[in-house]
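Order of the sequence lines sets the chain letters (A, B, ...), proteins ahead of strands, with each chain counted from 1.
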Amino acid sequence: MPSEHVILDSRKSFIIEKGVAAGATIDCDKESLSGAVSQRACVYCGARVVLNPITDAVHIVHGPIGCASYTWDIRGSLSSDSEMYRNSFSTDLREKDIIFGGETKLAKAIEEVYSAYHPKIIFVYATCVVGVIGDDVDAVCKLAEQTYNLRVIPVKSPGFTGNKRTGYKMACMALMQLMGDEPHEEKIPYTINYLGDFNLAAEAWIIQKYLREMGIRVISTITGDASYSTLINAPKASYNVVQCAGSMTYLAKQMKKTYGIPFEKVRFLGVDETVKALRKIAYLVGDTKVIERTNALIEREMKKTHERLETYKKKVAGKKAAIYVGGGFKAIALIKQFRNLGMHVVVVGTQTGDSEEYAMIRRLTEDGTVILDDANPSELQKFAMDKQADLLVGGVKERPLAYKLGMAFIDHNHERKHALSGFEGAVNFAKEVDMTLNSPVWHYVKNKNKTI
Amino acid sequence: MLDYTPKEITERKALNVNPAKTCQPIGAMYAALGINKCLPHSHGSQGCCSYHRMHLTRHFRDPIVASTSSFTEGACVFGGKSNLVKGIQNVFNIYNPDIIAVNTTCLSETIGDDVGEFIRDSKVPEGKRVIYANTPSYAGSHVTGFSNMCKSMVTQIAESTMGEGNNGKVNIMPGFVEPSDMKEIKRIAEEIGMDYTMYPDTSDVVNTPNTGKYDMYPEGGTSVEAIRESGDAMATVALGKYTSEEAAFKLEHKCKVAPYVLKVPLGIKATDAMIFKFIELTGKSVPKALEKERGQLVDLMVDVHHHYHGKKVAIFGDPDIVTAMTEFVIDLGMIPKYVLTGTPGKVFAKDIYHMLENAGIEGSSVKSEGDLFELHQWIKNEPVDLIIGNTYGKYIARAENIPLVRVGFPILDRVGHSYFPVVGYMGAMRLIEKISTAFLDKYDQECADEDFELVM
């Protein structure tokens with residue numbers, strides 16, 4: 001089977017095999033090939049996934065219905081209060097709106113949202129077709145702000161203006177617009193903003209719990225379980241800590257520039273990364289008491305986690321894993337987690353990794369590991385099978401592919417059901433790896449090229 | 001989550017809240033998957049293709065593959081021709097399908113891409129084909145997209161090669177139903193001994209067995225050749241006005257094949273109608289096996305009719321499914337209190353009101369181009385006992401503590417729909433099981449101790 005899969009010449013620079021193509025750099029952050037079965041999404045998708053977890057916001061998708069339908073309650077971001085964000089609002093543009101323009105309909109839709117809910121904040125997403133027909137979304141939003149005395153923020157996200165990464169940036173720009181451009185000189189000590197956690201399966205709450213114990217208060221989680229009031233207070237924080245670098249580094253940089261908030265990148269995926277992240281934050285604050293409390297927390301949790309991980313490690317060590325995820329930072333954390341479980345990573349790919357991240361991936365992987373950017377299903381199939389992977393980590397579209405190939409699977413995307421962050425997350429991850437790798441079902445999968 | 005739905009209903013003109021539909025291209029993509037060795041291609045930005053694949057993947061739990069033109073700003077300014085021409089070449093080179101089915105998106109439609117012309121200017125290898133359908137997302141719904149791709153199969157593939165003669169086959173256009181439903185309709189046709197061509201046919205394409213290997217083109221789907229020959233058929237049975245009628249009419253126009261438009265065979269009456277049509281067309285008699293199944297269905301209906309008689313139900317989803325479902329619940333003695341589809345179209349309400357009137361049911365609300373916010377408001381004002389619809393109904397079901405029977409598209413949180421049909425007599429039995437179980441489970445969980453019984 002694998003030999004039947006042709007890798008196009010134009011795709012070859014996006015794929016390297018560590019140790020085999022030494023010295024070569026990997027192409028990334030480029031447009032997908034026309035005609036490819038790309039796993040990538042669009043600018044709107046990037047913007048929406050970042051902003052959607054803001055719980056008390058109304059998210060109006062200005063465009064035909066599809067963009068709103070497919071992103072209705074798209075991720076399992078949890079809320080401690082409002083559930084407004086889980087509804088799906090759209091202008092549902094029809095043919096005549098495309099011909100005569102959709103501005104009037106958008107203005108009317110905002111009015112209808114306002115009179116039904118009186119929200120504090122509305123995000124208006126401009127989709128592909130709105131970009132083409134040229135609706136002045138900025139003007140409509142501005143006028144609505146004045147009329148109803150609430151924040152109405154345009155998110156420029158026509159799908160064709162880049163890829164998902166561009167959408168992240170557009171979301172960050174919308175957040176900056178919300179927070180304003182006033183510099184905030186006075187900072188509240190021992191406070192941080194926690195950026196780039198979307199509170200999937202309560203992940204942001206796990207991290208907040210650690211930070212509380214350390215004596216650090218989180219002003220705003222961005223954007224998991226965020227709300228209008230926490231976001232507008234974000235400029236008062238002393239530090240910014242960035243978990244999902246791909247989506248939030250831009251915002252951290254802007255906040256540094258505008259409000260003078262220094263930032264650090266952290267990763268709470270896996271034990272090693274979690275420990276490193278907590279220490280980094282403690283030293284950032286620099287208070288002896290905070291450092292002491294952090295060390296105590298780490299020691300206690302490490303002991304507990306280590307014991308639990310060992311039981312799973314016995315059951316999964318030696319197996320081979322393939323990784324295909326959205327961002328580079330996640331791939332890096334996963335490589336380390338698999339290594340801790342005694343597993344070998346044989347394929348690593350991302351949708352939106354950058355060259356810095358790929359360099360790190362190369363440093364971390366064993367010789368013979370295939371590293372690839374913007375892979376399509378037939379490439380994933382080819383390399384996962386060539387390298388005899390036992391397990392694939394991916395998102396919704398990769399799951400059935402892995403299963404069809406007789407491979408275990410872990411969702412590390414929107415559909416994760418258990419928290420994968422922090423110490424608890426590391427245990428959950430190991431448990432899931434064990435559960436899927438050692439399911440009896442694989443005994444019934446025919447023609448498997450390997451046994452588990 | 002839907003605690004935010006106010007009871008008071010105010011008129012909305014511009015805002016869709018919690019849609020009961022989605023956009024054309026996904027319907028076209030699903031229809032295209034019903035052709036053997038076909039790769040659907042989405043002509044627009046990457047996001048559309050990605051969303052459609054994601055949604056179909058979640059619903060079917062099978063790999064759904066489609067390629068995209070990957071529009072950039074350049075394509076929007078200069079048109080998508082080079083993207084499509086290059087894309088078609090790449091698709092044949094990399095993925096080697098027998099046929100590519102291109103659907104447009106709101107973007108490529110708005111910039112005015114002439115996809116037909118682009119395809120004519122593309123290099124299509126010998127023996128391969130490229131068809132296309134115009135599927136702007138701002139018209140109709142996913143149901144319209146399905147219909148449009150079916151129409152394109154007729155206009156761009158079907159031919160009349162035998163002059164006035166016919167090949168003795170009956171075309172079956174099954175509509176936007178599950179692969180399991182398509183398979184069940186084929187089984188019924190085979191029981192009768194009818195020679196047929198079903199298209200599109202997604203059975204064995206989106207519900208494939210696990211063999212330990214991944215096949216990009218599973219064995220299912222109608223062959224291009226069979227679709228071509230459908231122009232020589234003796235008749236077309238089109239199941240569902242919204243999804244199949246236009247394709248059937250086109251085939252009549254193009255190849256003089258007589259069209260018969262029936263309901264999707266969901267429920268006893270609609271299944272009877274389909275079988276009688278098959279019998280009428282073939283001159284055969286009703287096979288014993290089907291007669292027996294019908295008898296078993298009636299037996300089941302008799303056994304449990306008291307479980308659901310007089311209960312009020314809200315039905316929402318795709319117009320063809322909802323129409324047939326409404327007919328069935330009336331036959332079960334239930335009251336379709338609210339009937340709603342997100343898909344635009346005037347026939348829907350007319351058909352439903354007609355059925356309600358014949359059954360002497362008054363005071364029901366019926367709406368096309370509605371959304372689930374409105375359905376929820378109706379329910380808040382006057383509750384129902386059951387909701388029948390797709391997965392999105394679960395928000396209302398939870399908020400109002402009403403059981404939900406999942407029928408339609410998409411079903412993202414349960415399994416089985418790809419394998420167990422809801423059409424035909426067997427499907428009707430399954431629906432009765434689901435409906436009656438939904439009521440009884442709720443009763444068992446909530447009833448007082450003294451009402452809790454072993455035998456129900």
Note to self: Going by side chain to side chain contact (heavy atoms under 4.5 Å, CB included), A:Leu106 matches just one of A:Asp97, A:Val124, A:Val152, A:Asp135. Which one?
What the structure shows: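 Going through A:Asp97, A:Val124, A:Val152, A:Asp135 one by one, the side chain to side chain contact (heavy atoms under 4.5 Å, CB included) with A:Leu106 is satisfied by A:Val124 alone.
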
Check: Per the side chain to side chain contact (heavy atoms under 4.5 Å, CB included) rule, which among A:Val137, A:Thr127, A:Val140 passes with A:His62?
Finding: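 Between A:His62 and the candidates, side chain to side chain contact (heavy atoms under 4.5 Å, CB included) is satisfied uniquely by A:Val137.
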
Please state whether the side chain, the backbone, both or neither of [X] comes within less than 4.5 Å of a heavy atom of chain B.
{"X": "A:Leu401", "value": "both"}
{"X": "A:Val113", "value": "both"}
{"X": "A:Val396", "value": "both"}
{"X": "A:Tyr117", "value": "side chain"}
{"X": "A:Thr71", "value": "side chain"}

Check: Any ion pair linking A:Asp92 and A:Arg94 (charged N to carboxylate O, less than 4.0 Å)?
Finding: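 Looking at A:Arg94 and A:Asp92, the cut-off is met.
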
Notebook entry, point to check: Do A:Lys404 and B:Asp215 sit within salt-bridge range, that is, some charged N less than 4.0 Å from a carboxylate O?
Noted result: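 Between B:Asp215 and A:Lys404 there is no salt bridge, as every charged N stays at least 4.0 Å from the carboxylate O atoms.
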
Counting heavy-atom pairs under 4.5 Å with chain B, which one of [options] comes out on top?
{"options": "A:Gly167, A:Gly35, A:Gly102, A:Ser79", "answer": "A:Gly35"}
{"options": "A:Thr91, A:Thr161, A:Ile98", "answer": "A:Ile98"}
{"options": "A:Cys128, A:Ala402, A:Ser90, A:Gly159", "answer": "A:Ser90"}

I need the minimum non-hydrogen distance between [X] and [Y], along with the two atoms involved.
{"X": "B:Ala139", "Y": "A:Glu95", "value": "CB-OE1, 3.9 Å"}
{"X": "A:Tyr168", "Y": "A:Val49", "value": "CE2-CG2, 4.1 Å"}
{"X": "A:Ile133", "Y": "A:Gly101", "value": "CD1-CA, 4.3 Å"}

Name the member of [options] that forms the most heavy-atom pairs with chain A at distances under 4.5 Å.
{"options": "B:Arg61, B:Lys21, B:Arg12", "value": "B:Lys21"}
{"options": "B:Phe60, B:Phe71, B:Tyr51", "value": "B:Tyr51"}
{"options": "B:Cys48, B:Pro136, B:Gly140", "value": "B:Gly140"}
{"options": "B:Leu84, B:Thr208, B:Asn96", "value": "B:Thr208"}
{"options": "B:Thr57, B:Thr10, B:Thr110, B:Thr72", "value": "B:Thr72"}
{"options": "B:Ile88, B:Leu107, B:Ile64, B:Val91", "value": "B:Leu107"}

Can you tell which part of [X] gets under 4.5 Å to a heavy atom of chain A, answering side chain, backbone, both or neither?
{"X": "B:Glu8", "answer": "neither"}
{"X": "B:Phe373", "answer": "side chain"}
{"X": "B:Pro209", "answer": "backbone"}
{"X": "B:Pro19", "answer": "both"}
{"X": "B:Ser45", "answer": "side chain"}
{"X": "B:Cys106", "answer": "both"}

Notebook entry, point to check: Do A:Tyr70 and B:Thr22 have side-chain atoms, one donor and one acceptor, less than 3.5 Å apart?
Noted result: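 Side chains of A:Tyr70 and B:Thr22: pair found under 3.5 Å.
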
Notebook entry, point to check: Is atom CZ of B:Phe78 surrounded by more than 12 heavy atoms (other residues, nucleotides or ligands) closer than 6.0 Å?
Noted result: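 It does not: B:Phe78 CZ has 12 such atoms or fewer within range.
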
Check: How about B:Lys86: does its NZ atom have over 12 heavy atoms from other parts shown lying under 6.0 Å from it?
Finding: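 Count not over threshold, so no.
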
Note to self: Would A:Arg86 and B:Tyr395 count as a cation-pi pair here, with the cationic atom under 6.0 angstrom from the ring centre and within 45° of the axis?
What the structure shows: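 A:Arg86 over B:Tyr395 ring: no.
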
Check: Between A:Tyr403 and A:Trp442, what is the ring plane arrangement, given parallel below 30°, perpendicular above 60°, and tilted in between?
Finding: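 Correct class here is tilted.
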
